[in-house]
Amino acid sequence: MSNGIPPSLGTYPATRLRRNRKAAWLRRLVAENRLSADDLIWTVFVEEGNDRETEIPSMPGIRRYTPDRLVKAATEAVELGIPAVALFPYVEGARKDPTGREAINPENLMCRTVRALKAALPNLGVICDVALDPYNSDGHDGLLRDGQVLNDETIEILCQQAIVQAAAGCDIIAPSDMMDGRVAAIRRSLDEAGHGNVGIMSYAAKYASAFYGPFRDAIGSGGYLKGDKKTYQMDSANSDEALREVALDIAEGADMVMVKPGLPYLDIVQRIKANFGIPTFAYQVSGEYAMMKAAAQMGWLDNDRVILETLLAFKRAGCDGILTYSAVEAASLLRTAP
Ligand code: PBG
């Protein structure tokens with residue numbers, strides 16, 4: 001027949017995929033993927049002080065919390081079934097310098113926040129970023145000399161940063177700096193310091209992305225950043241290279257790996273999961289959040305549906321979990337979902 005449909009036996013097709021979509025109960029029954037609060041890591045910003053929250057203009061609905069307020073907010077997250085939080089500090093200008101020295105101060109904001117969280121909520125997982133950008137007056141993740149980000153010298157500080165955070169009670173260290181060889185060095189340093197039980201979630205495939213803009217506002221590093229991060233973060237054009245990054249991080253001792261940003265890089269997640277079968281996470285970053293919220297505020301997208309649909313897309317691509325600013329919102333929606 002000219003339309004390409006084989007001559008039928010006088011009826012329409014026997015296989016009709018719409019049949020399994022005809023009712024909500026049936027759609028639930030045949031669903032291949034499911035999102036639950038167990039999949040969510042809540043990414044949060046902290047700032048110095050007491051009893052205060054500060055709105056972040058480019059991330060409507062997201063605030064920086066003082067440590068005491070974060071404990072309250074995290075209590076709600078625990079009640080909603082969220083397993084872990086990932087912390088990011090806002091560091092005042094006076095505490096930034098070219099060496100990022102504040103990163104290794106055992107009394108810094110991060111360490112005090114970790115201790116407060118662990119004391120109040122011992123069953124909540126706490127993940128800490130390792131990188132110098134909140135502390136470095138150049139806004140870079142590493143040390144700079146003659147305009148170059150130094151690899152091996154940076155790693156020495158990152159190892160100390162990992163140790164002070166582990167000593168404060170952090171459960172998982174998440175190096176986001178993209179220096180070569182840092183996972184092996186951090187693993188060794190943690191082990192030697194007696195923190196053999198502290199895990200490493202490496203930002204294995206972290207791309208030099210325009211989607212990090214609002215984050216840099218939120219931690220106050222944006223105004224400081226000189227140039228871009230393209231000499232250490234990955235080029236968006238590449239995908240084989242992501243597999244090499246992951247292979248190295250696994251060999252160096254990473255317990256789990258992460259892809260970042262999220263939605264525009266789900267092809268990378270899928271390849272990693274298929275190739276390595278390692279616990280694989282993705283970070284729905286600040287710019288992704290801002291994009292969804294801005295459209296929702298304009299009335300152009302349905303906020304709740306878009307949150308759940310994007311998070312489910314991460315699961316479908318193969319993510320074991322998602323780092324997201326929407327974790328609390330999503331977990332409450334999952335509670336009330338029909
Ligand atoms: C930096 C770091 C960044 C993010 C997490 N850790 C920004 C950057 O690389 O400049 C971005 C997260 C986000 O955009 O939500 N170490």
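Order of listing sets the numbers, starting from 1, for every ligand and every atom in it.
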Whether the Asp267 and Gln270 side chains hold a donor-acceptor pair (N or O, under 3.5 Å, no angle test) is what I'd like checked. no
Taking atom 2 (C) of ligand 1 as the reference point, the nearest protein heavy atom with its distance: Lys206 NZ, 3.2 Å
Any salt bridge linking Arg271 with Asp240? Criterion: basic side-chain nitrogen under 4.0 Å from a carboxylate oxygen. yes
Closest protein heavy atom to atom 8 (C) of ligand 1, given as residue, atom name and distance to 0.1 Å: Lys229 NZ, 3.3 Å
So is Tyr289 in contact with ligand 1, going by heavy-atom distances below 4.0 Å? no
Using a strict cut-off of 4.0 Å, indicate which atoms of ligand 1 neighbour a heavy atom of Ala131. 16 (N)
Do we see a donor-acceptor contact under 3.5 Å between the side chains of Tyr65 and Tyr90? no
Ala77 versus Trp42, closest heavy-atom pair with distance: CB-CE3, 3.9 Å
Using heavy atoms and a threshold below 4.0 Å, how should the contact between Asp129 and ligand 1 be classified: side chain, backbone, both, or neither? side chain
What part of Val285, side chain, backbone, both or neither, has a heavy atom within less than 4.0 angstrom of ligand 1? both
What atoms in ligand 1 come closer than 4.0 Å to a heavy atom of Tyr283? 12 (C), 15 (O)
Do Asp217 and Ser58 pair up side chain to side chain, a donor and an acceptor below 3.5 Å, judged on atom types alone? yes
Using the side chain to side chain contact (heavy atoms under 4.5 Å, CB included) definition, which of the options Gln284, Lys260, Met291 pairs with Phe211? Met291
Fit a plane to each ring of Phe88 and Phe215, take the angle between them on a 0 to 90° scale, and name the class: parallel (under 30°), tilted (30 to 60°) or perpendicular (over 60°). perpendicular
Atom pair CE (Met258) and CD1 (Ile127), whose distance is rounded to the nearest 0.5 Å: 7.5 Å
Below 4.0 Å from any atom of ligand 1, is there a heavy atom belonging to Glu288? no
Closer than 4.0 Å to some heavy atom of Asp133 - which atoms of ligand 1 meet that? 1 (C), 2 (C), 16 (N)
So is Lys260 in contact with ligand 1, going by heavy-atom distances below 4.0 Å? yes
For ligand 1, which is the ligand I care about here, please tell me if Tyr203 has any N or O atom under 3.5 Å from one of the ligand's N or O atoms. no
Test item: Thr154 side-chain N/O and Leu143 main-chain N/O as donor-acceptor pair under 3.5 Å: yes
Please list the nearest protein heavy atom to atom 16 (N) of ligand 1 with its residue and the distance rounded to 0.1 Å. Ser176 OG, 2.7 Å
Indicate, as side chain, backbone, both or neither, the part of Ser286 found under 4.0 angstrom from ligand 1 when only non-hydrogen atoms are considered. both
